[in-house]
Trainee: 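If you scroll down you'll find the structure; I have some questions about it.
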Amino acid sequence: MIWTREQAKALVDRTLALSKAEHTTVAIDGSERASVRFARNSVSTAGATADVGLAITARFGKRSGTVTTARFDDASLQTALRNAEEIAKASPENPEAMPLLGPQQYASSSAYFDDTASATPDWRASSVATAIDLAKKKDVVTAGFVETQAAIRTVANSAGLFAYDKYTAAAYNLTARLPDGSGSGWASRAYNQLSLLRPDVLAETAISKAATARNPTGIEPGVYTVVLEPAAVADMVAYMFFSAAARQADEGRSAFARRGGGNRIGDTIVGENVRIHTDPSHPLAPTMSFDGEGLPTEKRVWVEKGVLQNLMYTRFWAEKMGKAPTASPSNLIMDGGTETVSDLIAGTRRGLLV
């Protein structure tokens, strides 16, 4: 069973009470995972794991040390605490260390779904069987992975911060190839809610791509319009914005740095129909209510009508620049167009699909 808020709070209180450091931070991460892996149209592995871990960070001034443990009796906790304290005393000062966060207000989270947490081995097996059966009918070879997960995270400290949340995740990915290797197809999705994941649709998508790739013909080098599937766009947007730190931009070390100094907030960086934002309560991608440091996650617009609106400010850089700190993006939602991939392909006279 996933730990409750009360169980996490009890461990936090015991750990903090045993600490001898000036300041102490604890983080609890626990999860239950189950998965099935398949290859060459056959299940290769299946299994499940359950674990809970505790990370303890002891601080003396600007010195800190961290130790992790999976043993929670008082003797083991004291050993971990003393080790963290010794590491902290022997470590150099961190000139950018910030004071501990105090108590925070968090919005209610909607990232945990019972149907995912209670997903059965039969469901995972049937989702794989669907792909294998279809692949055999179309003379295609498949490989893939399906996983369901339920997890908790707690961040707390000796300054009174306590954050607890839980989430679920269900993921399915599939690669299909022709027996001779001349063509392939791929599909993948992940949701918090199991009912949104459609393994049958994903299998049909990947296997049909592979099947239609039979007897490929070459094309001459040249200029082509490229149609990107959602997964390709998502990878690029995530890579761009999960590294959109204000400090790197202000110091001229990122793509968001302005030539001559400063950052590119206020510049047009993509098409004017594009909006990119974070929404922890988005129905298709709900997230936890806080980040790894305990800062509340919030709705935030990063790009509006193609114009860069915000960058991420750590607590240190926010204080230095006179800005409010921002939690790391918990998700990224991109709005702007209404056409489907099929519509884009139909409207492309000479192009490539990626």
Trainee: Are Glu293 and Arg315 ion-paired here, with the side-chain N under 4.0 Å from a carboxylate O?
Mentor: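 Result for this pair is yes, salt bridge flagged.
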
Trainee: Mind checking what makes side-chain hydrogen bond (donor to acceptor under 3.5 Å, both in side chains) contact with Ser281, not counting sequence neighbours?
Mentor: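 Once residues adjacent in sequence are excluded, the partners of Ser281 under the side-chain hydrogen bond (donor to acceptor under 3.5 Å, both in side chains) criterion are Asp279.
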
Trainee: Does the side chain of Thr168 pick up a donor-acceptor pair with the side chain of Asn192 at under 3.5 Å?
Mentor: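 There is no such pair (donor and acceptor under 3.5 Å, judged by atom type) between the side chains of Thr168 and Asn192.
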
Trainee: Going by side-chain heavy atoms closer than 4.5 Å, which hydrophobic residues are tied to Val141, directly or by a chain of links?
Mentor: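 Answer for Val141: none, a lone residue.
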
Trainee: I want to check something: taking the side chain as every heavy atom from C-beta on, are Ser35 and Phe145 in contact at a cut-off of under 4.5 Å?
Mentor: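 Touching, per the 4.5 Å side-chain cut-off.
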
Trainee: If the threshold is 4.0 Å, N to carboxylate O, is there a salt bridge linking Lys9 and Asp13?
Mentor: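 Result for this pair is yes, salt bridge flagged.
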
Trainee: Are Met312 and Trp302 close enough that some pair of their side-chain heavy atoms sits under 4.5 Å apart?
Mentor: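 Yes; the side chains approach each other to less than 4.5 Å.
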
Trainee: Are there more than 12 heavy atoms of other residues, nucleotides or ligands under 6.0 Å from atom CZ of Arg259?
Mentor: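 Open: at most 12 neighbouring heavy atoms sit under 6.0 Å from CZ of Arg259.
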
Trainee: So Ser76 and Phe72, do their side chains get closer than 4.5 Å, heavy atoms only?
Mentor: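 Counting from C-beta outward, Phe72 and Ser76 never come under 4.5 Å.
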
Trainee: Would you please name every residue forming a side-chain hydrogen bond (donor to acceptor under 3.5 Å, both in side chains) with Ser289, sequence neighbours left out?
Mentor: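 Checked Ser289 against side-chain hydrogen bond (donor to acceptor under 3.5 Å, both in side chains); matches are Asp165.
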
Trainee: Return the set of residues passing side-chain hydrogen bond (donor to acceptor under 3.5 Å, both in side chains) with Ser182 (not counting sequence neighbours), or none when no residue passes.
Mentor: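 Only Asp180 meet the side-chain hydrogen bond (donor to acceptor under 3.5 Å, both in side chains) criterion with Ser182.
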
Trainee: Parallel, tilted or perpendicular: which describes the rings of Phe256 and Phe241, with under 30° parallel and over 60° perpendicular?
Mentor: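 Rings of Phe256 and Phe241: tilted, as their planes differ by 30° to 60°.
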
Trainee: For residues Arg300 and Asn310, report the shortest heavy-atom separation together with the two atoms involved.
Mentor: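 Nearest pair, atom of Arg300 first, then Asn310: CG-ND2, 3.9 Å.
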
Trainee: Looking at Arg153, I want to see if its CZ is surrounded by more than 12 non-hydrogen atoms of other residues, nucleotides or ligands under 6.0 Å.
Mentor: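 Incorrect, the count does not exceed 12.
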
Trainee: Applying side-chain contact (heavy atoms from CB on, under 4.5 Å), name anything that partners Ala285, two or more places apart in sequence or on another chain.
Mentor: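 For Ala285 the side-chain contact (heavy atoms from CB on, under 4.5 Å) partners, ignoring immediate neighbours, are Asn331.
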
Trainee: Could you list the residues that satisfy side-chain hydrogen bond (donor to acceptor under 3.5 Å, both in side chains) with Arg275, not counting sequence neighbours?
Mentor: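 If we apply the side-chain hydrogen bond (donor to acceptor under 3.5 Å, both in side chains) test to Arg275, skipping adjacent residues, the hits are His277, Glu304.
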
